[in-house]
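Read through the structure below, which is laid out as structure tokens, and then see the notes.
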Amino acid sequence: MIYGHIEHHNTNQYLPSVIQQCLQYLNDTDLEQLPVGKHIIDGERIFANVMAFNTGDAAEKCAEVHKEYIDVQCLIYGEEKIQFALQDELNIIETPYDKENDFYLVGGMHHLNEVIMYPKMFAIFFPEEPHKPGCFITHTSPIKKIVIKVHHSLLS
């Protein structure tokens, strides 16, 4: 997991080139005006999902885990908490892997951590890292975010 701000160019220059490409897309795009839905960046290798919803209670959510794609999650407006953990056999798997949508759900995470997201902040989750986005900090509120999906082969 990597946590940062899209405008911190001095720090972001050390990230892999494909992640820098994603951050450049975030900096060059009018994120506020970007419509909800899927946006193709480089075919099925890199694409973005834009979503708007109200944050929820972390206790009522399961964490998602991917096998094929890296998530580069960036908040456009609002604030959210994202809980996450490392891959661990003690994490409680709730659903079988859905290959078509590249995810399975985890109900409990061993050694749980969390980050707080504000606009223009990003969090990167690698395959097999459980993460629970869209959680409220103190109360439910509307957010808009973009999740750039990067196929893991682009980091190899």
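Predicted, not measured: the structure shown is a model, and the values here were computed from it. Numbers here simply count residues along the sequence, with the first being 1.
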Got His152 and Phe126 here, is their nearest side-chain heavy-atom distance under 4.5 Å? no

Side chains of Leu105 and Val65 in contact at under 4.5 Å (non-hydrogen atoms): no

Do His151 and Tyr69 have ring centres separated by under 6.0 Å? yes

Just checking, Lys38 and Phe47: is the charged tip under 6.0 Å from the six-membered ring centre and within 45° of the axis? yes

State, with a plain yes or no, whether a side-chain heavy atom of Val150 is found less than 4.5 Å away from one of Cys22. yes

Determine whether Pro133 and Lys61 make a side-chain contact, defined as any pair of heavy atoms from C-beta on separated by less than 4.5 Å. no

Whether Lys149 and Asp71 form a salt bridge (side-chain N of Lys/Arg under 4.0 Å from carboxylate O of Asp/Glu) is what I want to check. yes

Just do the side chain to side chain donor-acceptor pair (under 3.5 Å) check on Glu129 and His131 with the steps written out, would you? CA-CA 6 Å; Glu129 290 184 331; His131 50 285; over 6 Å; no

Nearest 0.5 Å please: distance from the NE2 atom of His39 over to the CD1 atom of Ile46. 15.5 Å

Hey, is the main chain of Glu100 close enough, under 3.5 Å, to the side chain of Asp98 for a donor-acceptor pair? yes

For the OG atom of Ser17 and the CD atom of Gln24, what is their distance to the nearest 0.5 Å? 12.5 Å

What is the distance from atom CG of Asp42 to atom CD1 of Ile148, rounded to the nearest 0.5 Å? 12.0 Å

Going by the rule side chain to side chain donor-acceptor pair (under 3.5 Å), which residues pair with His110 if we only count those two or more places apart in sequence or in a different chain? Asp88

Salt bridge (Lys or Arg N to Asp or Glu O under 4.0 Å) between Lys132 and Glu64, intermediate numbers included: CA-CA 6 Å; Lys132 191 185 297 186; Glu64 58 191 55; over 6 Å; no

So Lys81 and Met117, do their side chains get closer than 4.5 Å, heavy atoms only? no

Find out whether Asn12 and Gln20 are in side-chain contact, i.e. whether some heavy atom of one side chain is under 4.5 Å from a heavy atom of the other. no

Show the nearest heavy-atom pair for residues Tyr104 and Lys67, with the distance to one decimal. CE2-CE, 3.9 Å

Are Met1 and Leu86 side-chain neighbours, meaning at least one heavy-atom pair lies under 4.5 Å? no

Which heavy atom of Ile143 sits nearest a heavy atom of Gly78, and at what distance? CG2-CA, 4.0 Å

